[in-house]
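Working notes, beginning with the structure itself.
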Amino acid sequence: MREELQFGSGDAIAVIAPHPDDECLCAAAALIMAPERTDVYVISDGSHGNDQRSFAEEAVVRKRQFDAEMAYVRPRRHIWLGYEDTRLAEHHEAANEIDFTQYTKVFLPWDESPHPDHRACAKMCCEAIVKQGASAECYMYELNAPFRRPTHFCDMTGIVGEKRKLIDFHEDQIGNKEIAIALNRFRGAQLLSRPSVEFAESYLKVDPSSILQAAQSERLQEGA
């Protein structure tokens with residue numbers, strides 16, 4: 001991580017979450033530091049997030065938890081698209097509902113994430129960004145599995161308690177909070193030149209066109 005990410009007064013920010021809670025687990029810095037300039041998009045309904053409930057029941061619970069978090073954060077806007085959890089690869093049209101041209105910074109899931117919804121969401125958003133000719137800076141975020149070489153970070157040291165509060169709104173997602181906070185602590189420990197940083201979110205700045213080209217090359221190699 002070489003560069004600290006800053007949010008300027010002219011920024012318009014989009015946080016794209018495949019599931020309700022990804023926005024605070026992975027990109028809480030934007031929600032806490034610049035809520036009045038941040039729009040949050042949740043792509044799926046989170047309905048497969050708890051095997052103790054039916055999918056329909058869990059979707060209602062997850063939306064209620066997300067709405068409570070947003071009422072606390074008070075971002076500029078929050079949008080629930082409601083596609084079925086675990087099946088985002090079948091719904092590449094979902095990203096077309098987002099006008100990426102209005103943003104200066106966009107936070108996306110990692111296209112190499114172990115979670116298939118995260119990978120699908122990243123690719124569909126990159127496709128929409130390129131198709132729309134949007135010029136936003138794009139930053140992928142990590143969840144559970146760390147990047148090999150993150151490019152940017154946000155210092156979360158003074159606000160990690162606030163991040164915990166946001167995650168706690170999603171009370172039926174057991175274990176995710178401690179994983180996210182542990183990853184932030186690990187990233188803080190890596191910043192040897194910044195010993196005052198104890199917790200950090202890290203990101204990978206990407207060119208959406210390059211992401212699509214790499215995906216196409218991979219498909220061609222698989223078909224060879």
Side-chain angles (χ1 to χ4, degrees), residues 1-9 11 13-42 46 49 62 64-78 104-110 113-115 118 121 137-206:
M1 292 176 287
R2 298 181 179 178
E3 188 173 343
E4 184 168 6
L5 188 59
Q6 304 285 348
F7 301 107
S9 60
D11 272 328
I13 304 160
V15 175
I16 313 299
H19 312 98
D21 76 345
D22 289 330
E23 72 288 339
C24 56
L25 290 168
C26 310
L31 302 182
I32 298 168
M33 296 179 181
E36 74 285 355
R37 298 191 296 280
T38 299
D39 293 344
V40 182
Y41 295 86
V42 173
R62 299 296 295 278
R64 182 170 66 242
Q65 293 171 347
F66 174 71
D67 286 344
E69 180 202 0
M70 293 296 101
Y72 178 79
V73 172
R74 299 178 65 185
R76 187 174 71 165
R77 291 191 304 162
H78 61 280
T104 60
K105 288 182 172 69
V106 175
F107 290 87
L108 302 168
W110 186 24
S113 168
H115 198 301
H118 283 232
C121 182
E137 297 175 355
C138 294
Y139 299 92
M140 290 184 170
Y141 53 72
E142 57 188 2
L143 174 67
N144 298 343
F147 298 131
R148 289 180 289 275
R149 293 183 179 86
T151 60
H152 289 71
F153 73 94
C154 275
D155 182 1
M156 302 295 290
T157 306
I159 58 174
V160 70
E162 194 69 6
K163 175 168 179 164
R164 287 180 181 273
K165 287 182 183 179
L166 302 188
I167 299 171
D168 282 343
F169 282 101
H170 305 272
E171 58 189 18
D172 72 337
Q173 300 302 293
I174 298 172
N176 284 342
K177 178 172 72 172
E178 296 312 317
I179 293 171
I181 299 302
L183 184 54
N184 291 171
R185 186 188 292 276
F186 166 66
R187 290 307 191 187
Q190 288 184 308
L191 292 166
L192 300 179
S193 63
R194 296 281 301 276
S196 63
V197 179
E198 296 181 23
F199 298 87
E201 286 186 346
S202 64
Y203 316 101
L204 180 65
K205 188 175 183 180
V206 298

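Computed from a predicted structure; not experimentally measured.
Within the model, atoms OG1 of T38 and CZ of R77 stand 11.5 Å from one another, a figure rounded to the nearest 0.5 Å. Atom CD1 of residue I181 and atom CD of residue E178 lie 7.0 Å apart, to the nearest 0.5 angstrom. Between D155 atom CG and Q6 atom CD the span is 9.5 Å, to the nearest 0.5 Å. Rounded to the nearest 0.5 angstrom, L191 CG and F153 CZ are separated by 5.0 Å. Taking CG of D21 as the start and CG of L143 as the end, the distance is 8.0 Å to the nearest 0.5 Å. In this structure, the separation between CZ on R148 and CD on E142 is 11.5 Å, given to the nearest 0.5 Å.
Scanning both residues, I16 and P109, for their nearest heavy atoms gives O-CD, 3.8 Å. Closest heavy-atom contact between C138 and L108: CB-CD1, 4.4 Å. Summarising the geometry of F7 relative to C154, their closest heavy-atom pair is CE1-SG, 4.0 Å, with the distance given to 0.1 Å. Between R187 and S202, the closest heavy-atom pair is NE-OG, 3.1 Å. Between G49 and Q173, the closest heavy-atom pair is O-NE2, 3.2 Å. The two residues A180 and I167 come nearest to each other via the heavy atoms CB-CD1, 4.4 Å.
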>> Could you go through E4 and R194, starting from their C-alpha distance and side-chain angles, then the distance that decides it, and tell me whether this counts as salt bridge (Lys or Arg N to Asp or Glu O under 4.0 Å)?
In response: CA-CA 11 Å; E4 184 168 6; R194 296 281 301 276; 3.0 Å; yes
> Would E23 and E69 satisfy side-chain contact (heavy atoms from CB on, under 4.5 Å), going step by step from the backbone distance to the final call?
Replying inline: CA-CA 10 Å; E23 72 288 339; E69 180 202 0; 2.5 Å; yes
>> Run H170 and L25 through side-chain contact (heavy atoms from CB on, under 4.5 Å) and show every step you take.
In response: CA-CA 10 Å; H170 305 272; L25 290 168; over 6 Å; no
> Where do K177 and D168 land on the side-chain contact (heavy atoms from CB on, under 4.5 Å) test, with the steps shown first?
Replying inline: CA-CA 8 Å; K177 178 172 72 172; D168 282 343; 2.9 Å; yes
> Does the pair V73 and V40 meet the rule for a side-chain contact (heavy atoms from CB on, under 4.5 Å), with working shown?
Replying inline: CA-CA 11 Å; V73 172; V40 182; over 6 Å; no
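Within 6.0 Å of atom CZ in R76, more than 12 heavy atoms from other residues, nucleotides or ligands are found, so the atom counts as buried in its surroundings.
For the ring pair (Phe, Tyr, Trp, His ring centres under 6.0 Å) with W110, the qualifying choice from F147, Y141, Y203 is F147, the only one to do so. Under the ring pair (Phe, Tyr, Trp, His ring centres under 6.0 Å) rule, H78 has a single partner from Y41, Y72, F66, which is F66.
Counting heavy atoms from C-beta outward, R62 and D172 have side chains that approach closer than 4.5 Å. By the 4.5 Å heavy-atom criterion applied to side chains, S196 and T157 are not counted as neighbours. Residues R74 and P35 have side chains not in contact (no heavy-atom distance under 4.5 Å, counting atoms from C-beta outward).
Remark: side-chain polar atoms of E201 are paired, donor with acceptor, to backbone N or O of A28 under 3.5 angstrom. Remark: the backbone N or O of F199 is not paired with any side-chain donor or acceptor of N184 at under 3.5 angstrom.
Ion pairing between D11 and R37 fails under the 4.0 Å rule for side-chain N and carboxylate O.
Side-chain contact annotation: H115 with N144, donor-acceptor N/O pair under 3.5 Å absent.
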